[in-house]
Every structure is written in C-alpha cells, then in structure tokens.
Amino acid sequence: MLSLARHAAVLPQFGGYNRLSKSCDARSRMMTVNGRRTCSFSCFSRRCTSLSIHRSVLQKDLNTSCLGNPLNCNYRSLRHIVRSDIVDDGTAEAVDPVSEVDLTSKARGLCFYMVTAVLAICCIGPMLVAHPFVLIADPYRRGFQHLVARTWSTLTIFPFIKVEYEGLENLPTPDTPAVYVSNHQSFLDIYTLLTLRSNFKFISKTSIFLYPIIGWAMLLLGVIPLKRMDTRSQLECLKRCMDLINRGASVFFFPEGTRIKDGRLGTFKKGAFSVAVKTRVPVVPITISGTGNIMPSGKEGILNYGAVKVVVHKALTGTDAEVLCREARSVIADTLDRCAD
C-alpha cells in the first residue's frame with residue numbers, strides 16, 4: 001500500500017495526472033487521468049486512448065498479474081500509464097537532424113592552413129636573420145618584424161577572403177603611440193588586423209608561444225605574454241604595455257578578453273583604457289565584422305565564404321577610464337548593428 005501511494009504521488013510530475021481514486025470493489029478499481037475515467041481491471045478496455053500498448057494485450061497481462069493481489073493490479077496499471085505517457089512526450093517533438101559542415105568549407109580551411117604554414121616557414125628565416133639588427137636599431141617598435149608579419153597575413157587571407165576597409169584616415173601616424181581596441185569574433189581577427197599599416201603589439205596567452213614557428217615569430221615581434229586568471233601576470237602585462245607606450249610603441253587590446261562565440265559584443269574590461277589614461281595616449285576603436293561567420297569560434301577547422309569589414313573609428317581621449325570604456329564599446333556596438341543591417 002505504501003508503494004502504491006508513493007507512485008501515485010509521483011504521477012503529477014510525469015503528465016499532469018489529476019488524482020487517483022479507488023473504489024471498494026477490486027474488480028472495478030477506477031483511475032481518473034486528465035479527466036478520463038479508466039478501469040484498471042475488468043473495465044480497462046473501455047477507453048484507454050492515452051496508452052500506447054494494445055489494450056487487449058495489456059488487459060491479459062493485468063488479468064494474469066492481478067490475481068489475488070488487487071493492489072498490485074493498480075500499481076502495474078500506474079506503471080503502464082506512466083511509461084506510456086513518457087514515451088508519448090518524448091516522441092511528440094520532432095528531432096532536428098544534426099547539421100553537417102559543408103565539405104567545401106573544410107577543404108577551404110585545410111588550404112588556408114597549408115598556405116599560412118608555408119608562408120610562415122618562408123617568413124621566419126628573414127625575421128631570425130634580421131632580429132639582432134632590429135634589437136639594436138628598433139628594440140621597441142620592431143618595424144621590420146611587423147612588416148614581415150604584415151606581408152605574411154596579407155598573402156594568407158587575400159586569396160580566400162575579401163576585406164573592406166573604412167576609416168583608414170583615422171589611424172595615427174606610425175610614430176604616434178596609441179592604445180588600439182577591437183571586438184573579437186574569430187581567429188581570423190589577428191590576420192585581419194595585421195594587414196593594417198599601423199604597428200602595434202598584441203597581447204596573447206602564454207600557451208600560444210609554445211607553438212613552433214608561430215610562437216617564435218610572436219617572440220620576435222615582441223608580443224606581450226599573459227597568463228589568464230593570474231593576477232600577477234595581468235599586472236606585469238599592464239606595466240609592460242605602459243613601458244612600451246612610453247618608449248614610442250603602440251599596444252593592441254581585445255577588451256572582451258576572449259572570442260565571443262554567439263557573435264554578440266561582450267562586456268569590455270577597463271585594463272586597456274586605464275593604460276591609455278595613465279600614459280595619456282589616444283584610444284583607437286576598431287570594429288571587425290564578418291570574421292565570426294567565415295571562421296566561427298570553436299570551429300577553426302572550416303573557412304566559409306564571406307567578406308570582412310574593418311572600420312577604424314576616430315581616436316578617443318579622456319582622463320576617465322570608465323568613460324573611455326563606455327564610449328569605445330558604444331561606437332563598436334553601433335557599427336556592428338549597422339553592418340548587420
């Protein structure tokens with residue numbers, strides 16, 4: 001009896017069963033399910049449209065199992081009803097087929113990485129040979145190394161992607177230090193930004209420096225390492241950024257901190273804008289649109305067809321990092337909305 005009551009109490013969680021009523025006659029024990037009266041024993045075959053099991057088979061099973069044990073009959077009836085209702089709920093909704101990535105996008109992605117690997121091997125030699133001279137003549141900006149990296153990125157993406165530029169006149173002169181900020185949608189953002197004529201230092205997580213050739217090139221370029229979730233590393237990163245700016249170099253931040261998978265603009269962190277305020281240099285907002293559709297975050301193995309738009313906005317200046325952060329995010333958000341329309 002206790003087991004029957006327990007199962008009856010659980011029923012509302014599975015289908016909205018209203019109540020379970022029992023009569024004194026064991027041969028005509030009735031249940032009320034969603035307003036319909038169904039018999040659990042001799043009258044079970046009257047109206048059981050909600051059950052998926054054929055009523056004649058179910059009635060035979062119940063007649064056999066309930067002999068001498070009317071409570072067990074009710075329990076088995078409840079079990080069959082619950083099982084039927086769960087099956088119905090699970091099959092009522094259509095299951096969407098799993099979408100497959102277009103083979104063309106996979107082939108394009110493979111060709112993209114083959115091209116960038118071959119070009120990287122060709123470019124690392126001149127960078128290594130010239131590096132001692134770069135450290136003597138231009139240890140902070142490293143213009144020659146950036147020129148090689150710009151050539152590498154340009155030759156990599158232009159056979160596959162059409163890039164449209166807007167507002168290039170807003171870029172500061174090469175000898176003017178600044179803090180550049182941009183939204184971050186895709187792995188392609190780095191390639192796209194390197195095609196700009198401005199020379200700046202990226203900030204990258206330390207694990208990327210372990211990659212052969214690419215990691216070496218990052219060291220030669222003077223990319224600033226950062227350990228995520230490490231407060232000391234973050235402070236050292238900001239100090240190095242300020243030191244580079246004071247020595248005439250520019251730095252580049254992704255204020256969102258990481259790539260955003262859903263394509264929406266994330267929350268901006270204030271680190272980049274604090275650096276700009278303390279060093280008294282302008283903030284140059286840049287909007288990148290389209291890279292998230294061509295190579296979505298988390299799907300770096302594919303390369304869809306599409307175009308990329310890079311918008312360079314007018315430089316922002318101020319003495320309040322919070323205000324600069326809001327203004328830069330607002331400018332980028334408005335441009336993303338305009339590009340989406």
Side-chain angles (χ1 to χ4, degrees), residues 112-113 115-158 163 171-182 184 186-228 233-234 236-255 257-259 271-272 275 279 281 284 286 288 291 300 310 312:
F112 174 85
Y113 286 111
V115 170
T116 194
V118 171
L119 291 173
I121 294 173
C122 296
C123 291
I124 194 65
M127 295 179 73
L128 288 171
V129 172
H131 193 63
F133 304 97
V134 171
L135 291 179
I136 296 174
D138 189 13
Y140 302 108
R141 296 182 64 251
R142 303 187 185 186
F144 177 80
Q145 308 291 36
H146 186 270
L147 176 62
V148 176
R150 180 184 177 186
T151 303
W152 165 71
S153 61
T154 302
L155 294 177
T156 297
I157 66 172
F158 275 93
V163 182
L171 287 172
T173 58
D175 57 346
T176 301
V179 173
Y180 296 81
V181 295
S182 171
H184 200 8
S186 170
F187 178 64
L188 289 178
D189 295 342
I190 305 297
Y191 289 87
T192 305
L193 292 167
L194 280 174
T195 61
L196 296 174
R197 68 171 186 265
S198 295
N199 182 353
F200 39 69
K201 308 300 178 186
F202 283 106
I203 298 173
S204 175
K205 57 184 180 181
T206 54
S207 59
I208 306 298
F209 287 84
L210 301 177
Y211 294 166
I213 301 180
I214 297 298
W216 306 340
M218 291 168 60
L219 287 172
L220 298 177
L221 280 167
V223 175
I224 305 169
L226 172 66
K227 292 181 180 179
R228 291 182 179 179
S233 177
Q234 294 174 3
E236 292 177 354
C237 175
L238 295 179
K239 289 180 180 179
R240 186 170 178 182
C241 289
M242 289 188 288
D243 181 63
L244 287 171
I245 291 174
N246 291 330
R247 296 178 183 273
S250 298
V251 293
F252 198 103
F253 286 84
F254 291 112
T258 186
R259 285 171 286 174
V275 170
T279 56
V281 297
V284 182
I286 299 177
I288 306 176
T291 54
E300 284 74 19
V310 180
V312 181

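The residues of the chain are indexed from 1 along the displayed sequence. As the structure is a prediction and not an experimental result, all values here were calculated from the model.
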[Y] backbone acceptor or donor facing [X] side chain under 3.5 Å:
X	Y	answer
Thr116	Tyr113	no
Asp243	Lys239	no
Arg247	Leu244	no

Can you tell me how far the [atom1] atom of [X] sits from the [atom2] atom of [Y], to the nearest 0.5 Å?
X	Y	atom1	atom2	result
Leu119	Thr156	CG	OG1	4.5 Å
Ser153	Leu188	OG	CG	11.5 Å
Met127	Leu147	CE	CG	10.0 Å
Met242	Asn246	CE	CG	8.0 Å
Arg197	Leu171	CZ	CG	5.0 Å
Leu128	Cys123	CG	SG	11.0 Å

[X] and [Y]: which non-hydrogen atoms are nearest, and at how many Å?
X	Y	value
Phe209	Val223	CZ-O, 3.6 Å
Arg141	Pro174	NH2-O, 2.9 Å
His146	Leu194	NE2-CD2, 4.2 Å
Ala272	Val181	CB-CG1, 3.9 Å
Ile157	Thr195	CD1-CG2, 3.8 Å
Pro177	Ala249	CB-O, 3.3 Å

Derivation and outcome, side chain to side chain contact (heavy atoms under 4.5 Å, CB included), residues Arg142 and Leu135
CA-CA 8 Å; Arg142 303 187 185 186; Leu135 291 179; 3.8 Å; yes
Within the 4.5 Å heavy-atom criterion, are [X] and [Y] side-chain neighbours or not?
X	Y	value
Val251	Ile245	yes
Val148	Leu220	no
Ser198	Val312	no
Tyr180	Ile286	yes
Glu236	Leu226	no
Ser182	Asp189	no

Which label fits Trp152 and Tyr191: parallel for a plane angle under 30°, tilted from 30 to 60°, or perpendicular past 60°?
tilted
Just grab all the side chain to side chain donor-acceptor pair (under 3.5 Å) pairs involving residues 201-220, residues at least two apart or on different chains.
none
Residue set satisfying ring pair (Phe, Tyr, Trp, His ring centres under 6.0 Å) with Phe202, at least two apart, ordered chain then number -> Phe200, Phe252
